[in-house]
There are 2 protein chains.
Amino acid sequence: MKLTTKVRYSLRFMIDLALHVEGATVLARDISRRQEISEKYIGHFVPLLKSAGLIRASRGARGGFSLARPASEITLKDIVEAVEGPMCLVGCVNDPGICKRAGTCQARDVWGEATRAIADIFSRYNLEKMAEEQRSRHTDYVYAI
Amino acid sequence: MKLTTKVRYSLRFMIDLALHVEGATVLARDISRRQEISEKYIGHFVPLLKSAGLIRASRGARGGFSLARPASEITLKDIVEAVEGPMCLVGCVNDPGICKRAGTCQARDVWGEATRAIADIFSRYNLEKMAEEQRSRHTDYVYAI
DNA sequence: ACATTCACTACTCATTTAGTAGAGAATATA
DNA sequence: TATATTCTCTACTAAATGAGTAGTGAATGT
């Protein structure tokens with residue numbers, strides 16, 4: 001039941017981006033500094049967020065990242081699936097062929113239902129609200145003091 | 001978001017046990033055969049189910065396993081936590097000390113809420129119902145035919 | 001042309017997962 | 001009490017995954 005570092009960082013990246021993108025783009029370097037995530041490591045998961053259509057990237061001077069659609073239309077589920085692939089508690093749920101018991105196994109049904117319930121929970125969190133709540137902490141989302 | 005083999009097998013073990021324990025005890029060997037899980041591997045997770053107070057074990061002739069309380073009072077959450085420890089999507093939720101940003105991080109709040117929501121879902125599944133639904137498949141929960 | 005910025009591949013190291021193997025401890029029963 | 005039976009514990013192994021660094025390459029605004 002543990003999420004990977006990539007997913008954790010991706011959420012922080014997205015919240016930070018949503019908070020600082022206002023008309024302009026945001027540099028990986030700046031998010032790296034604020035979030036204390038190495039630029040190199042950011043380079044690993046950010047292309048996944050881009051391929052999933054959550055952010056846009058541009059290179060060169062004045063380059064950087066921006067959201068590909070309104071923050072209100074980006075959910076936690078989108079972010080998790082962008083980085084880890086389709087949500088699924090056990091392999092046989094999405095891919096019955098890997099276990100010959102799939103057709104008769106009640107446990108598989110349970111995991112399937114639970115997976116859908118969790119996906120539903122994750123899809124109820126949207127980036128706009130998460131960023132707003134981060135802002136309301138009045139910390140600028142930078143560790144300091 | 002993937003569960004371990006131990007948890008998957010533990011659920012199948014518990015469902016099988018609930019289906020076959022009727023007055024008597026059930027042997028690991030029999031569950032091993034029906035579920036196609038090696039006896040050796042069963043020996044790895046079953047002591048965890050026992051320490052968590054979900055099953056009872058006795059050794060020697062007429063030994064075997066039984067439920068430590070009514071199936072209706074054993075939940076999926078009990079089983080998952082018995083084998084993997086307290087449910088928790090990211091470490092900082094249960095253990096804020098591991099990250100200095102814990103106090104101001106909205107992402108942490110999100111993971112905390114989501115963890116509680118998932119735990120709630122898991123606690124709604126009880127073993128009695130899962131076993132009943134397995135039985136109603138009329139397969140005796142053995143791969144065969 | 002060039003500095004800037006993201007993108008991609010390769011590599012490393014530690015940890016976790018998924019087992020097997022074998023000896024040891026408990027116990028009902030003859 | 002001897003013994004077959006059954007669970008329990010520790011050690012070990014191999015493969016996969018996780019977490020990250022490093023270096024090069026490709027795009028782009030000025």
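So you know, we letter chains A, B, ... as the sequences are listed, proteins then strands, and number each from 1. Keep in mind that the numbers below use all heavy atoms, side chains included, and drop hydrogens, waters and symmetry copies.
When the nucleotides D:dT8, C:dC6, D:dG18 are ranked by their closest atom to the side chain of A:A57, C:dC6 comes out on top. Closest to the B:Y41 side chain, of the nucleotides D:dT28, D:dG18, C:dG19, is C:dG19. In the set D:dT6, D:dG20, D:dT28, D:dG20 carries the atom at the smallest distance from any side-chain atom of A:H44. Distance from the side chain of A:R59 is smallest for D:dG25 among the nucleotides D:dG25, C:dA28, C:dA25. Ranking C:dT20, C:dC6, D:dT6 by closeness to the A:A28 side chain, first place goes to C:dC6. For B:K40, the side-chain atoms get nearest to C:dA23 when compared with the rest of C:dA7, C:dA23, D:dA19. Comparing C:dA7, C:dT20, D:dC7 against the side chain of B:L27 picks out D:dC7 as the nearest. Set against D:dT6, D:dT8, C:dA7, the side chain of A:P47 has C:dA7 as its closest nucleotide.
For the pair A:I31 CD1 and C:dC6 C1', the computed distance is 12 Å after rounding to whole Å. The separation between B:E36 atom CD and C:dA18 atom P is 18 Å, rounded to whole Å. Straight-line distance from the CZ atom of B:F65 to the P atom of D:dT5: 17 Å, rounded to whole Å. Going from atom CZ of B:R12 over to atom P of C:dA18 covers 13 Å, rounded to whole Å. The CD1-P distance, from B:I42 to D:dT8, rounds to 12 Å in whole Å. As rounded to whole Å, 14 Å separates atom P of D:dT5 from atom CG of B:D30. We find that NZ of B:K2 is positioned 14 Å from C1' of D:dA16, with the value rounded to whole Å. With rounding to whole Å, A:I98 atom CD1 is found 12 Å from C:dA18 atom P.
Note on B:T5: a side-chain N or O is less than 4.0 Å away from OP1 or OP2 of C:dA18. Taking side-chain N and O atoms only, A:S58 has no distance below 4.0 Å to OP1 or OP2 of D:dG29. At the phosphate of C:dA7, OP1 or OP2 sits under 4.0 Å from a side-chain N or O atom of A:K50. Side-chain N/O atoms of A:T4 include none lying less than 4.0 angstrom from OP1 or OP2 on D:dT17. Contact check, B:R62 against C:dT29: a side-chain N or O comes under 4.0 Å of OP1 or OP2.
Comparing A:R8 and A:A61 along DNA chain D, the residue whose closest nucleotide (by nearest heavy atom) sits nearer the 5' end is A:R8.
The two residues B:A114 and A:Y125 make their nearest non-hydrogen contact at N-OH, 3.8 Å. Residue B:L19 comes nearest to B:A131 through the heavy atom pair CD2-O, 3.4 Å, listed as atom of the first residue, atom of the second, then distance.
Heavy atoms of B:Y9 sit under 4.0 angstrom from primed sugar atoms or phosphate atoms, though from no base atom.
Applying side chain to side chain donor-acceptor pair (under 3.5 Å) to A:Q106 and the options B:R12, B:E133, B:K129 leaves one that passes, B:E133.
Side-chain atoms of A:R34 never come within 3.5 Å of backbone atoms of A:D16 as a donor-acceptor pair (strictly under, hydrogens ignored). A distance-only check finds a donor-acceptor pair linking the side chain of A:T115 to the backbone of A:L89 [under 3.5 Å].
A salt bridge links A:E22 with A:R135: the closest approach of a Lys/Arg side-chain nitrogen to an acidic carboxylate oxygen falls below 4.0 angstrom.
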